[in-house]
Protein chains: 2
Amino acid sequence: VETTETASSPAEESRRFTEEEQRIWDSYLQAITLLEDHIDRRLQRDAGLAHGYYRVLVLLSEAPRRRLRMTDLAMKTQTTRTRVSRHVDRLEGYGWVRREVSGSDKRSHMAVLTVQGSEVLNRAAMVHADAVGQALLDRLTLKQQKLLGEMMEIIADGLHQRDAGASLPWLR
Amino acid sequence: VETTETASSPAEESRRFTEEEQRIWDSYLQAITLLEDHIDRRLQRDAGLAHGYYRVLVLLSEAPRRRLRMTDLAMKTQTTRTRVSRHVDRLEGYGWVRREVSGSDKRSHMAVLTVQGSEVLNRAAMVHADAVGQALLDRLTLKQQKLLGEMMEIIADGLHQRDAGASLPWLR
């Protein structure tokens, strides 16, 4: 019996970056690494919280009644439930978030933004916008910003499709 | 005596994202988070090493005599010396890297790629190129790739300038 299956696809066996592709990828990695570091440090220095925690507070503040199920929080931060749970532990320790058992589903837990968390967030939001503005947006023309947004949407959509129902971080 | 200094700049006090800026930033964060997760998982599944370790092996393989000072390794991965030292610890445990005292400067340590590390890297390089190709490069036109590279260079250059001599990760 013949089979067309092979251990790996031809693409996997032979793909190598061209010089130009390598250069694009190197620039991409440098930029995203330095930018994340920059934002994280600005937030820690001027608002007292790391970027990962900031994202959790933002999402809670935008949710109805300032609360989200842990699973939804993981999905919205594109991370695993384990990781988001550790973040909420820490934020609970600071008094910025509290956990609640869901009204409708007793097994599921909600994270709720506290008044204190909301105050921290107000200050942090300005620091964040300033850091992202200076390091990313203000460096690009409006046309470039628009193109960047379009490309990032294409990439995110592609990864959602590829991994849908399978192994996106929050489904693991 | 009057002073023009204030506690924070006007930009810091008032900056808020426009809706369009917020959308660009959200897409950016989604794309880079999902892409990093995708590449990391492909590497772990098909080559048995995390993305951070892969980058260290690549840099060593490209260096003269396949070795780099720890500080240079930190600089080239845009990370802190503490973090890169932890990575090398782990890679040493796998037998893929070994530490050596520098010939010229007895106080500084070098990380050296081993034969075994080189073999692991050969396999991983194809998995990596395939993952980045499918999830990023192949989703964009050649024109878009070029523009992305240019924008990422602008952003990385800006952050190098801003933080130069001060607080880039590898100088901390």
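The sequence lines fix the lettering, A, B, ..., with proteins before strands; numbering per chain opens at 1. Predicted, not measured: the structure shown is a model, and the values here were computed from it.
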Worksheet entry | Proximal component of A/Leu142, with respect to chain B [non-hydrogen, under 4.5 Å] | neither
Worksheet item: Shortest non-hydrogen contact from B/Ile155 to A/Ala135?
Response: CG2-O, 3.7 Å
Worksheet, complete the sentence: Of B/Leu136, B/Asp26, B/Val132, the largest count of non-hydrogen pairs under 4.5 angstrom with chain A goes to B/Val132
Worksheet item: Could you walk me through whether B/Leu35 and A/Leu159 pass the side-chain contact (heavy atoms from CB on, under 4.5 Å) check?
Response: CA-CA 7 Å; B/Leu35 187 56; A/Leu159 286 163; 4.0 Å; yes
Worksheet item: Is it true that atom CZ of B/Arg67 has more than 12 heavy atoms of other residues, nucleotides or ligands lying nearer than 6.0 Å?
Response: yes
Worksheet, complete the sentence: Note: vs chain A, highest number of non-hydrogen pairs under 4.5 angstrom among B/Arg55, B/Glu36, B/Gln22 is B/Arg55
Practice prompt. Treat each ILVMFWY residue as a node, draw an edge where side-chain heavy atoms are under 4.5 Å apart, and state whether A/Val97 and A/Val112 are in one component.
Written response: no
Worksheet item: B/Gly133, B/Ala125, B/Ala129, B/Ala131: which one forms the most heavy-atom pairs within less than 4.5 Å of chain A?
Response: B/Ala129
Discussion item. Please evaluate residues B/Gln30 and A/His160 with respect to the criterion side-chain contact (heavy atoms from CB on, under 4.5 Å), reporting the C-alpha separation (whole Å), side-chain torsions for both, the decisive distance (0.1 Å), and the verdict.
Written reply: CA-CA 10 Å; B/Gln30 265 207 39; A/His160 273 119; 3.1 Å; yes
Practice prompt. Go through the atoms of A/Leu140 and report whether side chain, backbone, both or neither lie under 4.5 Å from a heavy atom of chain B.
Written response: side chain
Worksheet item: Can you check side-chain contact (heavy atoms from CB on, under 4.5 Å) on A/Leu29 and B/His51, steps first, answer last?
Response: CA-CA 11 Å; A/Leu29 267 193; B/His51 191 200; 4.3 Å; yes
Worksheet item: Which value, rounded to the nearest 0.5 Å, describes the distance between B/Ile32 atom CD1 and A/Ile32 atom CD1?
Response: 5.0 Å
Fill in: Considering all heavy atoms, the nearest A/Gly149-B/Ser27 contact
O-CB, 4.0 Å
Item to complete: Of all the heavy-atom pairs spanning A/Met151 and B/Gln144, show the shortest one and how long it is.
Response: SD-O, 3.4 Å
Worksheet item: Does the pair B/Leu137 and A/Phe17 meet the rule for a side-chain contact (heavy atoms from CB on, under 4.5 Å), with working shown?
Response: CA-CA 10 Å; B/Leu137 299 169; A/Phe17 284 157; 3.8 Å; yes
Discussion item. Do A/Leu113 and A/Met110 land in one hydrophobic cluster if side-chain heavy atoms of ILVMFWY residues count as linked below 4.5 Å?
Written reply: no
Worksheet, complete the sentence: Closest heavy-atom pair, A/Arg15 versus B/Gln134, reported as atoms and distance to 0.1 Å, is NH1-N, 4.4 Å
Worksheet item: When rounded to the nearest 0.5 angstrom, what is the spacing between CH2 in A/Trp25 and CE in B/Met152?
Response: 10.5 Å
Worksheet, complete the sentence: The interface call for A/Ile154 against chain B, heavy-atom contacts under 4.5 Å, is both
Worksheet entry | Within 6.0 angstrom of B/Glu100 CD, more than 12 heavy atoms from elsewhere | yes
Worksheet item: More than 12 heavy atoms of other residues, nucleotides or ligands under 6.0 Å from CZ of A/Arg99: is that the case?
Response: yes
